[in-house]
Amino acid sequence: MNITLARTRAVYDLSEVQGALERSKGRSPELDAFYERMLDNGAERFVTTPSSADALSPLVDECPNFDQVVSDLRRYVALANAGDGGINVMPILLLGDPGVGKTHFAKRLAKAMATDRELISMNALSAGFVITGSSASWKGAKCGKVAERLVRGQYANPVVVLDEVEKASGSSQSDPLAALYQLLEPETSRAFRDEFIDVEIDASQIFWVLTANSTDGIPAPLLNRMAVYDVPAPTPAQAAGIAQRIYAGLVSELKLARFAHQLAPAVLDKLAGVSPRDMRKTLLDGLGYAAAGGRDDVTVQDIRLKATPGKSRIGF
């Protein structure tokens, strides 16, 4: 049986926060309130480690096309359990075509590691302050996502997902990827300084997961800081397994007691080409068509595949 091992780690120095509060008192009510929250929450956060690599088994079942990633993570967990220093995982970059399940895998990884998750979409990110915060002297200034998660959350090792990182755009004044040069390095991330709060924060325990459709637009120095994985589309057998698990989950979630517990082989064959991203909606639509037809099983005719990309009709 797998259990989660947890220890605590200070992610900032309370005396430094107190000093910063005294220096800024009255100049920015928002900043003062944030310092007070830091003091109220204390500096200690949990660092979690699964007691066994078996904690990652659900990832293999749900995301079978990520087997190479999970295989490496198993070794990291085993190494952590062989010592007493906690898990030490280098940032990972998941490369793959749209729809292969990269973001879903990253989300599920946080659950397997028994920690928090922070998802940052880089698609429309045009300024680094979303990650690093903005100066308190600016109008509407606030802290970045990293500091926000570490201050308000319970964990020092959240999974932070940077989704579609190759689509981040910037300008000569603001590079949204610039902060990652510090944050993806264990040594420098121990003294991360958010521009809003101007207090050192230990971000070295963050588990970074980046997703991208390609490496175009990602600087080579950043690529060198990560373990890069090419994620393939699921094989037909893997897609069938994914479909069956999602279907079973929907039947349970919707309390469809009269519906068949298994999809027919012909239905699974038709679903073989459906991406993990679209699988749930396709099956939900299929269940809706079956129910509307007064049937308690999903047939091949109930699986309506989109012929071309673009807007689709509203389904069930």
Side-chain angles (χ1 to χ4, degrees), residues 55-76 89-113 117-125 159-168 177 180 207-218 222-223 225-250 263 267-286 303-312 315:
L56 302 177
S57 294
L59 287 175
V60 179
D61 296 335
E62 291 187 38
C63 310
N65 51 323
F66 289 79
D67 54 345
Q68 183 184 356
V69 187
V70 177
S71 177
D72 285 353
L73 292 177
R74 284 182 181 274
R75 288 195 292 273
Y76 282 118
V89 183
M90 72 182 302
I92 65 176
L93 173 63
L94 305 176
L95 286 177
D97 293 334
V100 298
K102 301 184 297 293
T103 306
H104 174 73
F105 174 83
K107 291 177 179 178
R108 298 300 291 166
L109 179 59
K111 183 176 181 180
M113 301 297 292
R117 169 182 56 83
E118 182 72 43
L119 176 65
I120 303 174
S121 175
M122 305 291 281
N123 188 22
L125 185 58
V159 172
V160 176
V161 184
L162 302 182
D163 201 28
E164 298 188 305
V165 69
E166 84 280 15
K167 296 182 180 178
L177 300 180
L180 299 182
F207 189 165
W208 292 95
V209 180
L210 290 74
T211 77
N213 297 332
S214 74
T215 57
D216 294 342
I218 305 177
L222 280 184
L223 289 174
R225 287 166 164 80
M226 298 180 283
V228 181
Y229 296 92
D230 287 305
V231 181
T235 65
Q238 290 173 340
I242 292 171
Q244 188 59 65
R245 279 186 290 277
I246 293 176
Y247 171 78
L250 286 171
L263 290 169
V267 174
L268 293 174
D269 288 343
K270 189 169 184 180
L271 289 166
V274 178
S275 71
R277 173 189 292 172
D278 296 330
M279 189 72 77
R280 177 183 169 89
K281 182 182 185 305
T282 301
L283 283 168
L284 191 60
D285 285 353
I303 303 300
R304 314 288 177 90
L305 304 182
K306 289 189 294 185
T308 57
K311 293 184 178 180
S312 60

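No experiment lies behind these values; they were computed from the predicted model shown.
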statement: Sorted by chain and number, sequence neighbours left out, salt bridge (Lys or Arg N to Asp or Glu O under 4.0 Å) with R117 holds for none
Results of ring-ring contact (aromatic ring centres under 6.0 Å, His included) for Y247 - residues two or more places apart only: none
query: Any side-chain heavy atom of V60 sitting closer than 4.5 Å to one from R74?
result: yes
message: I need the minimum non-hydrogen distance between A240 and L268, along with the two atoms involved.
response: O-CD2, 3.7 Å
- prompt: Would you say N65's side chain and V100's backbone share a donor-acceptor pair under 3.5 angstrom?
  reply: yes
field: Chi angles and distances behind the side chain to side chain contact (heavy atoms under 4.5 Å, CB included) call for Y229, I92
entry: CA-CA 7 Å; Y229 296 92; I92 65 176; 3.9 Å; yes
- request: Starting at CG of L271, measure out to CG of L305 and round the result to the nearest 0.5 Å.
  value: 7.0 Å
message: Please find the pair of heavy atoms, one from A243 and one from M279, that lie closest to each other, and give the distance.
response: CB-SD, 3.8 Å
task: Test L283 against L263 for side chain to side chain contact (heavy atoms under 4.5 Å, CB included), laying out the working first.
output: CA-CA 10 Å; L283 283 168; L263 290 169; 3.9 Å; yes
- prompt: If you look at every heavy atom in A106 and V209, which pair is closest and at what distance?
  reply: CB-CG1, 3.8 Å
task: Measure the OG1-CD1 distance between T235 and I242 for me, rounded to the nearest 0.5 Å.
output: 8.0 Å
message: Determine whether M113 and L56 satisfy the following criterion, side chain to side chain contact (heavy atoms under 4.5 Å, CB included), listing intermediate values before the conclusion.
response: CA-CA 8 Å; M113 301 297 292; L56 302 177; 4.2 Å; yes
query: What distance do D163 atom CG and L94 atom CG have between them, rounded to the nearest 0.5 Å?
result: 9.5 Å
- request: Would you check if the side chain of R245 reaches a backbone N or O of D61 as a donor-acceptor pair within less than 3.5 Å?
  value: yes
query: CD of E62 to CZ of F105: how many Å apart, nearest 0.5 Å?
result: 10.5 Å
field: L223 to V228 - nearest heavy-atom pair and separation
entry: O-CG2, 4.3 Å
task: Over all heavy atoms of both residues, which pair between G99 and P276 is shortest? Give the atoms and the distance, please.
output: O-CD, 2.9 Å
message: Once rounded to the nearest 0.5 Å, what's the spacing between atom NZ of K281 and atom CD1 of I246?
response: 13.5 Å
- prompt: What heavy-atom pair brings H104 and C63 nearest, and what distance separates the two atoms?
  reply: CD2-SG, 3.7 Å
query: Can you name the side-chain contact (heavy atoms from CB on, under 4.5 Å) partners of A212, sequence neighbours left out?
result: L93, L95, V165, E166, I218
- prompt: In Å, rounded to the nearest 0.5 Å, how long is the span from CG of D72 to CG of D67?
  reply: 10.0 Å
- prompt: Within the side chain of K102, is there an N or O that forms a donor-acceptor pair under 3.5 Å with the backbone of D97?
  reply: yes
field: Backbone N/O of S121 and side chain of E164: donor-acceptor pair under 3.5 Å
entry: no
query: Taking M122 as the fixed residue, which of L210, L177, T211, V161 is the one that meets the side chain to side chain contact (heavy atoms under 4.5 Å, CB included) rule?
result: L177
query: How would you list, by chain and number, every residue that makes a salt bridge (Lys or Arg N to Asp or Glu O under 4.0 Å) with R280, sequence neighbours excluded?
result: E253
message: Does anything in residues 225-236 form a salt bridge (charged side-chain N to carboxylate O under 4.0 Å, His left out)? List the pairs, not counting sequence neighbours.
response: E185-R225
Side chain to side chain, R108 and P58, heavy atoms closer than 4.5 Å: no
- line: Residue set satisfying ring-ring contact (aromatic ring centres under 6.0 Å, His included) with F207, at least two apart, ordered chain then number -> none
